[in-house]
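Quantities reported herein were computed from a predicted structural model and do not represent experimental measurements. Quick note on labels: first sequence line is chain A, next is B, and so on, each numbered from 1.
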Amino acid sequence: MKEELAPSKNIRVRFAPSPTGWLHMGGVRTALINYLFAKNQKGVFVLRVEDTDLDRSNDTYLKAQLGDLQWLGFKWDEGPHPVTLEDQGSYGPYRQSQRLSLYQGYAQELIQSDKAYYCFLTDKEIEVMKERALKNKEPFRVESPYRNKSLEEAKERIKRGESAVVRFKVPKVKKNYVLKDIVRGEVCFPVDMVGDFILLRSSGLPVYNFSCAIDDYSMKISHVFRSEEHLANTLRQMMIFEAFGWPLPRYGHLSLILGEDRKKLSKRHGSVSCGEYKKQGYLPAALLNFLALMGWNPKTEQEIFSFSELVDSFSLQGLNPSPGVFDKKKLDWINGKHLKQMKVEDFLEKLKPFFRKEGLEFPQNPIWWEKAILNLKDTFSSLHEAVNVFRFLSDSFFEVHDTAREVLLWPSTSSVLGAWEGFLNSYPQEEITPEAFSQACKDIQKRTEVKGKLLFMPIRTAVLGRPQGIELKAVIPLISRKVLLKRVSILQKQQSHLTS
RNA sequence: GUUCCCUUCGUCUAGCGGUUAGGACAUCACCCUUUCACGGUGAAGACACGGGUUCGAUUCCCGUAGGGAACGCCA
């Protein structure tokens, strides 16, 4: 049964990425749920860096992840500054690599109280044990012969230069550990589910389960939301908390995000990093909206949420234990909805970096922009799509698309183009109004006796370079007469080339 | 293999003993549109199976099946 949470002060949650790669969508969802809970409860959101794997962690990844988190709109109350990496908050340092002496001290405490021991098993010896277990179809668990050796003996070996890890002495007395999970209710683990796991590596660096437990305690973390794959780790961490006699934080294990093949979302499913979605033109608010709706339900029929609406409506009861498949189509839809709700100036702001990247140039005139975005905004479902549409408005861009070929071969096309050119030449202003354009179409139709798609497709091709696409009435006022003339003449040249 | 988790339309989900099983994405049709899209209307589409408990199970319990995850000196 799910347990109701008593309202509690001092809510402190954390998101604890490890800087060994780019920020992953699963990570974003974990961060989001933690954040929503913290902020909904007026609690503290801590960002802790789990960089005890020195070989794989680096500052490039760390900065990229913090940057992405910031881009998404997360603000952490405590943790490293996104640019300088300088710690902010009174429970620091927030990078585990800077807390090593803390872990070593606690490890000593466990060793002294006989709850942990030095183990001298080599990789090779463990490998042999594993193979034997596999052969006998037994579950593999490390059974260290050093578990019951005296501390004096161990110290003697270390003095001689042997390298040792510190293993936790998993208690053999208790039968089961019961976790009261916020999203799954009671989860029961048998003690022998895990063997004596490593606390400290031979290098003296802590392993995830140890540093995580120590830090959740010492940073006074009240609630931990993390993905379901950590369930077995939680058992280990519960044991560590028990060994120290510390009160356990509340845990909530979030359902996994799956790819279309129902396997854990990973690189082979395509885009999984936050940065890729950013690059593709998704809005941060849309990404968060989409992710929030996987595994969480607002209990209303609302589907489109701003970040702050998400914070306001969040509740633990909406959390769902079953895994969910990442549906990009739905993301696209949500993104489109967010795009349509955007103010013109915000929209332009989001679009600018994409224009820069594509090398597109546009009039500086703000009135032009206002009109352009207003006319076209509702047809986009992503910024990427928007850029592709705006491309047609750029003075410097005109390309005759392959699909125009057929149109150019129609016998009536040449007279339509001629009439269109004639209209442009005689039009007294640079900016053509939608009304003038409609009238022009009627005139051309009357003069050439061509109508329907035979009329409109050549004109659209003369404007956009292709017979299909954006509505002409919306787009004509945004392109100057001069540019339109240039485009017709290019097309006419191609046409005569093609037909001769 | 062992342990743990999960199971309502193709997908995300509502449902917390009595419902015509609700919504959304996607799909299809129609409307709007002198194209594409947007938008609008509508259609089709689900309780994995077998036992209990109960007057009554999608809902509670137990099995079975299926799927997933974890079993590192990764996190």
Side-chain angles (χ1 to χ4, degrees), chain A residues 1-2 16-21 50-53 55-57 96 119 121 123 126 130 133-142 163-167 179 181 183-184 187-190 192-195 197-209 211-212 226-235 253 255-256 258 260 262-264 290 293-304 317-318 320-334 336 340 376-381 385 389 441 445 451-457 459-460 464 466-472:
Chain A
M1 239 15 269
K2 278 192 196 175
S18 56
T20 55
E50 309 216 319
D51 56 350
T52 56
D53 184 347
D55 294 338
R56 294 199 304 143
S57 301
Q96 292 187 324
C119 172
L121 238 31
D123 287 348
I126 291 176
K130 202 184 271 181
L134 200 74
K135 214 171 75 187
N136 298 338
K137 295 200 168 181
E138 281 163 3
F140 171 68
R141 234 135 272 165
V142 171
S163 82
V165 299
V166 175
R167 283 188 191 276
L179 170 68
D181 191 272
V183 332
R184 302 161 199 268
V187 180
C188 187
F189 307 103
D192 58 358
M193 187 173 156
V194 294
F197 52 93
I198 292 175
L199 263 21
L200 253 34
R201 308 171 224 230
S202 50
S203 63
L205 256 55
V207 149
Y208 168 75
N209 282 299
S211 51
C212 182
R226 57 177 26 157
S227 85
E228 188 192 327
E229 59 197 329
H230 283 292
L231 227 27
N233 287 326
T234 301
L235 169 61
H253 288 87
S255 53
L256 249 20
L258 275 23
E260 276 178 53
R262 306 203 70 94
K263 295 232 161 63
K264 195 167 74 166
F290 170 71
L293 258 22
M294 296 197 66
W296 177 76
N297 185 278
K299 307 290 176 186
T300 63
E301 299 211 323
Q302 185 176 352
E303 298 241 39
I304 302 301
Q317 280 70 35
N320 181 191
S322 54
V325 174
F326 191 95
D327 182 5
K328 200 162 164 300
K329 292 259 177 62
K330 186 133 188 182
L331 205 208
D332 288 339
W333 177 78
I334 289 176
K340 286 178 186 73
L376 301 170
K377 193 160 87 83
D378 286 356
T379 64
F380 307 138
S381 75
E385 196 183 321
V389 168
C441 289
Q445 181 174 339
K451 59 182 179 179
K453 71 174 191 176
L454 292 181
L455 172 66
F456 279 84
M457 286 193 170
I459 296 177
R460 184 174 289 104
L464 305 173
R466 56 183 68 201
Q468 290 189 329
I470 333 160
E471 156 136 38
L472 283 178

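Note on Gly324(A): only backbone sugar-phosphate atoms sit closer than 4.0 angstrom, heavy atoms only; bases stay farther off. Here Arg460(A) lies in heavy-atom contact (under 4.0 Å) with a base. Using a 4.0 Å heavy-atom criterion, one finds that His253(A) contacts no nucleic acid atom at all. Counting non-hydrogen atoms under 4.0 angstrom, Glu138(A) reaches nothing in the nucleic acid. Note on Cys441(A): nothing from the nucleic acid sits closer than 4.0 angstrom, heavy atoms only. Among the atoms of the strands shown, none is found under 4.0 Å from any heavy atom of Val194(A). Within 4.0 Å of Thr379(A), counting heavy atoms only, lies at least one base atom of the nucleic acid. Note on Asp123(A): a base of the nucleic acid sits closer than 4.0 angstrom, heavy atoms only. Leu235(A) comes within 4.0 angstrom of no nucleic acid atom, judged by non-hydrogen atoms across all strands. Val165(A) comes within 4.0 angstrom of a nucleotide base, judged by non-hydrogen atoms across all strands. As judged by a 4.0 angstrom heavy-atom cut-off over every strand, Asn233(A) is placed among the base-contacting residues. At the heavy-atom level, Gly295(A) lies under 4.0 Å from the strands shown only through sugar-phosphate atoms. Within 4.0 Å (heavy atoms only), Gln468(A) reaches at least one base atom of the nucleic acid. Within the 4.0 angstrom heavy-atom criterion, only backbone atoms of the sugar-phosphate kind lie near Thr52(A); the bases stay farther away.
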**Study point:** Worked check of side-chain contact (heavy atoms from CB on, under 4.5 Å) between Leu179(A) and His253(A)
**Key:** CA-CA 11 Å; Leu179(A) 170 68; His253(A) 288 87; 3.9 Å; yes
Practice item. Test Phe290(A) against Asp332(A) for side-chain contact (heavy atoms from CB on, under 4.5 Å), laying out the working first. Key: CA-CA 9 Å; Phe290(A) 170 71; Asp332(A) 288 339; over 6 Å; no
Check your understanding: Between Leu331(A) and Phe326(A), does a side-chain contact (heavy atoms from CB on, under 4.5 Å) hold up when you go through it step by step?
Key -> CA-CA 9 Å; Leu331(A) 205 208; Phe326(A) 191 95; 4.3 Å; yes
Exercise for review: Decide yes or no on side-chain hydrogen bond (donor to acceptor under 3.5 Å, both in side chains) for Arg226(A) and Thr234(A), but give the supporting numbers first.
Suggested key: CA-CA 10 Å; Arg226(A) 57 177 26 157; Thr234(A) 301; 2.7 Å; yes
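Within a 6.0 Å radius of CD in Glu260(A), no more than 12 heavy atoms belonging to other residues, nucleotides or ligands are found.
Lys263(A) has a side-chain polar atom (N or O) that falls below the 4.0 Å cut-off from OP1 or OP2 of G68(B).
Spacing of C1' atoms, U54(B) relative to U13(B), comes out at 29 Å, to the nearest Å. Rounded to a whole angstrom, the distance from the P atom of C36(B) to that of C30(B) is 12 Å. A gap of 38 Å separates the P atoms of A69(B) and A37(B), to the nearest Å. Across the P atoms, G22(B) and U64(B) are found 33 Å apart, a figure rounded to whole Å. Rounded to whole Å, the C1' atom of G10(B) lies 24 Å from the corresponding atom of U19(B). Separation of the P atoms belonging to A14(B) and C6(B) is 14 Å when rounded to the nearest angstrom. One C1' atom belongs to U8(B), the other to G15(B), and the distance between them is 9 Å to the nearest Å. Here the separation of C73(B) from A65(B), taken at their P atoms, is 33 Å to the nearest Å.
As rounded to whole Å, 8 Å separates atom P of A26(B) from atom NZ of Lys329(A). For the pair Lys130(A) NZ and G72(B) C1', the interatomic distance rounds to 6 Å; values are reported in whole Å. For the pair Leu331(A) CG and A26(B) P, the computed distance is 12 Å after rounding to whole Å. A straight line from CH2 of Trp333(A) to P of G39(B) spans 9 Å, rounded to a whole angstrom. At whole-Å resolution of the value, CD in Glu260(A) and C1' in A26(B) are 11 Å apart. Spacing between atom CG of Leu256(A) and atom P of A69(B) amounts to 7 Å, rounded to whole angstrom units. Asp332(A) places its CG atom 14 Å from the C1' atom of A37(B), with the value rounded to the nearest Å. Rounded to a whole Å, the CZ atom of Arg141(A) is 9 Å from the P atom of U3(B).
Checked by distance alone, Ser202(A) brings a side-chain donor or acceptor within 3.5 Å of a matching partner on the base of C73(B). At a cut-off of 3.5 angstrom, counting only N and O atoms as typed in the model, there is no donor on one side facing an acceptor on the other between the side-chain of Lys299(A) and the base of A14(B).
Ser255(A) places a side-chain N or O within 3.5 Å of a backbone atom of Ser322(A) that can act as its donor or acceptor partner. Under the 3.5 Å distance criterion, the side-chain polar atoms of Asn209(A) are left unmatched by any main-chain donor or acceptor of Leu199(A).
Proximity note for Leu231(A) (side chain, C-beta onward) versus A75(B), C12(B), C4(B): the nearest is C4(B). When the nucleotides C4(B), A75(B), U11(B) are ranked by their closest atom to the side chain of Pro190(A), C4(B) comes out on top. The side chain of Ile198(A) sits closest to C73(B) out of A70(B), C73(B), A24(B). Closest to the side chain of Glu228(A), out of C73(B), U11(B), G68(B), is G68(B). Of the candidate nucleotides G39(B), C12(B), U34(B), G39(B) has the atom nearest to the side chain of Lys340(A). The listed nucleotides are A75(B), G72(B), A37(B); the one nearest the side chain of Glu50(A) is A75(B). The side chain of Asp53(A) lies closest to A75(B), out of U35(B), U13(B), A75(B). Counting only heavy atoms from C-beta on, Asn320(A) has its side chain closest to U13(B) among U13(B), G22(B), A70(B).
Pair check for U27(B) finds A43(B); Watson-Crick or G-U wobble, both atom distances under 3.5 Å. With both pairing distances under 3.5 Å, U35(B) is matched to nothing as a Watson-Crick or G-U wobble pair. With a 3.5 Å ceiling on both atom-pair distances, the Watson-Crick or G-U wobble partner of A70(B) is U2(B). A14(B) makes up no base pair with any nucleotide shown, lacking Watson-Crick or G-U wobble contacts both under 3.5 Å. Pairing for U7(B) is with A65(B), a Watson-Crick or G-U wobble pair whose two hydrogen-bonding atom distances lie under 3.5 Å.
Residues Trp296(A) and Met193(A) both approach RNA chain B. Their nearest nucleotides, taken by heavy-atom distance, put Met193(A) toward the 5′ side. Residue order along RNA chain B, read from the 5' end via each residue's closest nucleotide, puts Asp378(A) first among Thr20(A) and Asp378(A).
Counting all heavy atoms, side chain and backbone alike, Glu228(A) lies closest to Leu256(A) at OE1-N, 3.9 Å. Summarising the geometry of Val142(A) relative to Arg167(A), their closest heavy-atom pair is CG1-CZ, 3.7 Å, with the distance given to 0.1 Å.
Note on Glu303(A) versus Lys330(A): salt bridge recorded, some NZ/NE/NH1/NH2 to OD/OE distance being below 4.0 Å.
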